[in-house]
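Each remark here refers to the structure printed beneath this line.
Sequence positions, counted from 1, serve as the residue numbers for this chain.
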Amino acid sequence: MLLEVKDASVNYQKVSAIRNITLQAPASGIVTIIGGNGAGKTTTLRAISGLAKLSGGEIWFDGQRIDRLPPEKIVARGIAHVPEGRRVFPDLTVEENLRTGAFLRRDKVQVAADLEAVFQRFPRLRERRTQFAKTMSGGEQQMLAIGRALMAKPRLLLLDEPSMGLAPVIVEEIAVIIEEISKQGVAVILVEQNAELALELADHAYVLETGDLVLEGKAKDLHENDHVRRAYLGA
């Protein structure tokens, strides 16, 4: 397995956010984490990327323990995080935002090639190359946030609620982009409140409820699970 989260717990002051979470992600494919508000999905991603410190457990990536590393060293190991709400730099241009994703890299020629690859993947970003990020639509900002993460050349991409607040037609476009990224060899962990979308895209799924892992299995099997269908799919 590329990523192994072992009995991970995170507390915010005295409040337990996740408790003894164990999950894995292989070197390819899409893993999704679904659950309601406050389930611990975002905290799990923040723990993997080093933004939330564990109060218990371990996180291993490519055979090495990473939960004691600062976030920038976790990025350097090959994990990129697209946070909830996109969090682009509003007063930087599209190109400047993208280049921040490569701030740890020293291979300038390859960075230029990867920038061109991002523009090929997201033609709208090329069109708005010199435009300030704050002037872009929500869907365009989401594409920018994903493109910025890809500039780090990740082996594992963490996506937190990429469909949030977007029109259905843009959600479909983002879904296609996620599938394409996965097919090109980048492992993806997808956090989504849109459980229908998440289970359609993913190979494997985990269900969190109020900080606890309550179900896991193949995404297609969980899609047919009675509890999942009642709680998350509106069945």
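- Using a 4.5 Å heavy-atom cutoff, the side chains of Q24 and V5 are not in contact.
- When only modelled atom types and interatomic distance are considered, E192 and S163 share a side-chain donor-acceptor pair under 3.5 Å.
- Side-chain atoms of E4 do not come within 3.5 Å of backbone N or O of F61 as any donor-acceptor pair.
- Residue R68 places its CZ atom among 12 or fewer non-hydrogen atoms of other residues, nucleotides or ligands, all under 6.0 Å distant.
- Looking only at distances, a side-chain donor or acceptor of S55 sits under 3.5 Å from a matching main-chain atom of S9.
- A donor atom on one side chain and an acceptor atom on the other are not found under 3.5 Å apart for T43 and R46.
- A salt bridge is defined here as a Lys NZ or Arg NE, NH1 or NH2 lying under 4.0 Å from an Asp or Glu carboxylate O, and D203 with K218 fails to meet this definition.
- Within 6.0 Å of atom CZ in F132, 12 or fewer heavy atoms from other residues, nucleotides or ligands are found, so the atom counts as exposed in its surroundings.
- For NZ of K53, the number of neighbouring non-hydrogen atoms (other residues, nucleotides, ligands) closer than 6.0 Å is greater than 12.
- The existence of a salt bridge linking R77 and D62 is excluded, since no basic side-chain nitrogen approaches an acidic carboxylate oxygen closer than 4.0 Å.
- Contact check on R128 versus E95 returns no salt bridge, with no Lys/Arg side-chain nitrogen under 4.0 Å from an Asp/Glu carboxylate oxygen.
- Partner L23 forms a side-chain contact (heavy atoms from CB on, under 4.5 Å) with one of V31, L3, I59 and no other, that one being L3.
- Electrostatic pairing of K220 and E224 does not count as a salt bridge here, judged by no charged N lying under 4.0 Å from a carboxylate O.
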*Passes side-chain contact (heavy atoms from CB on, under 4.5 Å), S49 versus L158? Steps please.*
CA-CA 8 Å; S49 63; L158 310 177; 4.0 Å; yes
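- Annotation for R87: atom CZ does not count as buried by contact number, only 12 or fewer foreign heavy atoms lying within 6.0 Å.
- Judged by distance alone, the side chain of N194 and the main-chain N or O of L197 form a donor-acceptor pair under 3.5 Å.
- Within the structure, ring pair (Phe, Tyr, Trp, His ring centres under 6.0 Å) pairs that include any residue of residues 196-225 comprise H204-Y206 (at least two apart or interchain).
- At distances below 3.5 Å, not a single donor-acceptor pair connects side-chain atoms of S182 with backbone N or O atoms of I178.
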